[in-house]
Amino acid sequence: MQTDVVIIGASAAGLMCAAEAGRRGRRVVVLDHANRAGKKILMSGGGRCNFTNLDVSADNYISDNPHFCKSALSRYTQWDFIALVDRYGIPWHERDHGQLFCNDSARDILDMLLNECRKAGVEIRLNCTIDRIDKTDAGFTIDSSKGMFKAGACVIATGGLSIPRMCASPFGYQVAGQFGHRIVPTRPGLVPFTLQPGDKARFAELAGIAVDSQVSNARISFRENLLFTHRGLSGPVILQISSYWQPGEAVSINLLPDLDAAGWLKARQAAQPNSHLKTVLGEWLPKRLISAMLGTEPADQPLQSFSHRRFEAIAESLQHWQLRPNGTEGYRTAEVTVGGVDCDELSSKTLESKRVAGLYFVGEVVDVTGWLGGYNFQWAWSSGWAAGQVV
Ligand SMILES: Cc1cc2nc3c(=O)[nH]c(=O)nc-3n(C[C@H](O)[C@H](O)[C@H](O)COP(=O)(O)OP(=O)(O)OC[C@H]3O[C@@H](n4cnc5c(N)ncnc54)[C@H](O)[C@@H]3O)c2cc1C
């Protein structure tokens, strides 16, 4: 089959690119090996798709080239996507940190994209295995289980490695490698931490407890909820820092981010010497967490029995808790893949390969990884849109 554009990957970035290219009158075919389009859109945001954020900038992205994402993000912004969502009358709401979610279902976003594709005459072929892509003088030939496609432009929108059961594959990196592109080493991002055996036993009883925390490493700091789970630590603050975490490294956790804990304990000691340490700390933290954190410290003793130095040590353990994760839960549960196709070999304006004319990489397969909060979809929309203007 001869066409203008073949897009591989029928999800966020691929469908946006397809709708835009189709709208320009290009003949577009989208191929995907999954049995339905947009599986990750459907499972995103707990089923409600955190489709963008009110406050988007390059600072919300991780990349070896931190400037690369600016062009696409500034040309197709969160306001453009919100306008599209509003045109479809999809109800949405804002949550903390400017995150926008559908009121009803992520399906609304997928249906909107599929409808945009339908209106633009895009053809989507599912259950399609790609065997081979070759560059020819006229463009590309794509050998697949649904036959041979010939196109002037080929867009790789196959995402990253996270959640293999949702049809994630290394295909995009392989195609990039085939055409001589460098891949920035990949690792799971937005992923829960697993704990060292000692910590696992210590915190086993705390599964389900969530506390507002500040979590930092040498590069960055986040403040949101931390969640103890049966497997380790999760919650938004852990997912955020995980994208910046290197194996073997410790993170510093402040469980009382609004407090000078030592000063506060001293003041309470002066005012209420007979109050028990655990009761006083219980104003801020769940009792089970206090017991696990204080270890051998006699938390049932009255404040008057503690020296100021011990208060300082207790404050240190609660506000500068040095945790060295055992690892992460890996791609099985990671929301994204950090790393990917090196930005330096792509045009930031069009996402076209600088090595092979007519070859494009959009969305998560590129070395641009967003924070939690709708940033990854915004990158998929913006990069897909940018390529859609030129393919
Ligand atoms: C559980 C979960 C929740 C998330 N929630 C949010 C959220 O609320 N907000 C947010 O911004 N981000 C969220 N993300 C991240 C977001 O889903 C991704 O960043 C985004 O989907 C990337 O879009 P993409 O089109 O580049 O890739 P994907 O959405 O991963 O799509 C890639 C497509 O390519 C296809 N494909 C892969 N390999 C092949 C192959 N070999 N042959 C043919 N087709 C192939 C796949 O089937 C898929 O359809 C979430 C991710 C997960 C896993």
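On a predicted model such as this, the values are computed, not experimentally measured, just so you know. Indexing begins at 1, ligand by ligand and atom by atom, following the structure's order. Scope of the values below: all heavy atoms of this structure, side chains included, with no hydrogens, waters or symmetry mates.
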- [ ] Give the single entry among Gly9, Gly14, Pro164 that approaches atom 34 (O) of ligand 1 most closely by any heavy atom.
- [x] Gly9
- [ ] Could you tell me whether Ile163 approaches ligand 1 through its side chain, its backbone, both or neither, with non-hydrogen atoms closer than 4.0 Å?
- [x] side chain
- [ ] For Lys135, look at atom NZ and say whether over 12 heavy atoms of other residues, nucleotides or ligands are found less than 6.0 Å away.
- [x] yes
Task: Phe377-ligand 1 polar pair, N/O distance under 3.5 Å - done: yes
- [ ] Please could you name the atoms of ligand 1 that Glu364 approaches to less than 4.0 Å, counting only its heavy atoms?
- [x] 18 (C), 19 (O), 20 (C), 22 (C), 26 (O)
TODO: Identify, for atom 14 (N) of ligand 1, the protein heavy atom at the shortest distance, and state residue, atom and that distance.
DONE: Glu335 OE1, 3.9 Å
TODO: May I ask you to list the atoms of ligand 1 that are less than 4.0 angstrom from any heavy atom of Ala34?
DONE: 47 (O)
TODO: Output yes when the distance from some N or O of ligand 1 to some N or O of Ser169 is under 3.5 Å, and no in every other case.
DONE: yes
Task: NE2/His320: more than 12 non-hydrogen atoms of other groups inside 6.0 Å - done: no
TODO: Please find out if less than 6.0 Å separates the ring center of Phe193 from that of Trp245.
DONE: yes
Task: Ser162, portion touching ligand 1 at heavy-atom distance under 4.0 Å - done: neither
TODO: Using a cut-off of 6.0 Å, state whether more than 12 heavy atoms not belonging to Glu316 lie near its atom CD.
DONE: yes
TODO: Flag Ser44 as yes when one of its N or O atoms lies below 3.5 Å from any N or O atom of ligand 1, and as no otherwise.
DONE: no
Task: Protein heavy-atom partner closest to atom 43 (C) of ligand 1 - residue, atom, separation in Å - done: His33 N, 3.2 Å
Open item on the list: Suppose I only count heavy atoms of Ala12 and a 4.0 Å limit; which atoms of ligand 1 are within that range?
Closed with: 23 (O), 25 (O)
Task: His230 atom NE2, over 12 foreign heavy atoms within 6.0 Å - done: no
Open item on the list: Could you measure the distance from the CZ atom of Arg48 to the CD1 atom of Ile109? Nearest 0.5 Å is fine.
Closed with: 12.5 Å
Task: Side-chain heavy-atom pair Ile130, Asp143 within 4.5 angstrom cut-off - done: no
- [ ] Kindly say whether the aromatic ring centers of Phe222 and Trp371 come within a distance under 6.0 Å.
- [x] yes
TODO: Kindly confirm or rule out an N or O of Ala13 lying under 3.5 angstrom from an N or O of ligand 1.
DONE: yes
